[in-house]
Amino acid sequence: MTDERMGDTLGAAIARAAEAGAGVIVRHHHSSAAIRRALASEVLASGAVLGLSRDSLLAADLGADFVHNPVGESGALPFSLSVHDDAQAREAARRSPAFVFVSPLYATRSHPDAEPLGEAKAAQLAALAGCPAYALGGVTQSRGKKLIARGWAGWAAIDAWA
């Protein structure tokens, strides 16, 4: 997941993610559409799977593989949702996303005030959502491998790629 705080390290992080076979969700919520478009083009050029946060129309226009947390309908694109609590997990089950991101599992620098769910609660939320779930929040490569062994579809990060 991209984040404005990544600054000049973002390009290298996108390249590492692509090399690892990972996807990249262009979040950059406080950036202009032009900046999000440029970042998305960089992700596509890297060969990584592209997800674009919130903007279904821009995601479709860019040829993104999916839209994350779409505002309104996702159009023809598959979509993913964030899950932080029981209500969001139930909403995800109702909306049937392709997958969800359950967070934060652990303490994380990107959201320092967020209370970590812990693995047990996060697993409950993933089960309640009823679709493939990716662990997010304080997940490192070693933690991610362990979580996948425990049944998670995968893991996502910001700082692990920076």
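Small disclaimer: the values here were computed from a predicted structure and weren't measured.
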Practice problem: Verify side chain to side chain contact (heavy atoms under 4.5 Å, CB included) between Ile25 and Leu50, making sure each step is shown before the conclusion. | Solution: CA-CA 6 Å; Ile25 296 176; Leu50 172 63; over 6 Å; no
Exercise. Could you walk me through whether Glu19 and Arg16 pass the salt bridge (Lys or Arg N to Asp or Glu O under 4.0 Å) test, one step at a time?
Key: CA-CA 5 Å; Glu19 185 177 301; Arg16 282 193 300 280; over 6 Å; no
Self-check item: Worked check of side chain to side chain contact (heavy atoms under 4.5 Å, CB included) between Val26 and Val43
Solution: CA-CA 8 Å; Val26 174; Val43 172; 4.1 Å; yes
Practice problem: List the steps and the verdict of side-chain hydrogen bond (donor to acceptor under 3.5 Å, both in side chains) for His68 and Ser53. | Solution: CA-CA 4 Å; His68 178 62; Ser53 183; 5.3 Å; no
Practice problem: Show the numbers, then the answer: is there a side chain to side chain contact (heavy atoms under 4.5 Å, CB included) between Trp155 and Lys145? | Solution: CA-CA 8 Å; Trp155 60 280; Lys145 288 178 184 179; 5.6 Å; no
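Using cut-offs of 30° and 60° on the angle between ring planes, the pair Tyr134 and Phe101 is tilted.
Within the 3.5 Å criterion, the main-chain N or O of Ala48 finds a donor-acceptor partner in the side chain of Ser46. Side-chain N or O atoms of Asp86 include none that pairs as donor or acceptor with a backbone N or O of Leu125 at under 3.5 Å. At least one donor-acceptor pair under 3.5 Å links the side chain of Arg143 to the backbone N or O of Gly138.
Counting only heavy atoms from C-beta outward, the side chains of Tyr106 and Thr140 never approach each other to under 4.5 Å. By the 4.5 Å heavy-atom criterion applied to side chains, Arg95 and Phe79 are counted as neighbours. Counting only heavy atoms from C-beta outward, the side chains of Val71 and Asp55 never approach each other to under 4.5 Å.
Taking all atoms of both residues into account, the shortest heavy-atom contact from Pro104 to Ala114 is CG-CB, 3.8 Å. Residue Leu44 comes nearest to Leu62 through the heavy atom pair CD1-O, 3.2 Å, listed as atom of the first residue, atom of the second, then distance. Closest of all the heavy-atom pairs between Ser56 and Leu77 is O-CD1, 4.2 Å. Ala59 approaches Leu52 most closely through the heavy-atom pair N-CD2, 3.5 Å. Taking every heavy atom of both residues into account, His84 and Leu117 meet most closely at O-CD2, 3.6 Å. Of all heavy-atom pairs between Ala122 and Trp152, the closest is O-CH2, 3.6 Å.
Distance check, rounded to the nearest 0.5 Å: CZ of Arg37 to CG of Leu58 gives 5.0 Å. Residue Arg54 holds its CZ atom at 9.0 Å from CZ of Arg36, rounded to the nearest 0.5 Å. The distance from atom NE2 of His28 to atom OG1 of Thr2, rounded to the nearest 0.5 Å, is 5.0 Å. To the nearest 0.5 Å, atoms CZ (Phe66) and OG (Ser80) are separated by 4.5 Å. Taking CG of Leu136 as the reference point, atom CE of Met1 lies at 5.0 Å (rounded to 0.5 Å). Note: Asp113 CG to Thr108 OG1 = 11.5 Å, rounded to the nearest 0.5 Å.
Partner of Val102 under the side-chain contact (heavy atoms from CB on, under 4.5 Å) criterion, chosen from Leu81, Leu128, Val83: Val83.
Hydrophobic clustering, with ILVMFWY side chains joined whenever heavy atoms are under 4.5 angstrom apart, keeps Leu39 apart from Leu57.
Under a 4.0 Å N-O distance rule, the pair Asp85/Lys121 does not qualify as a salt bridge.
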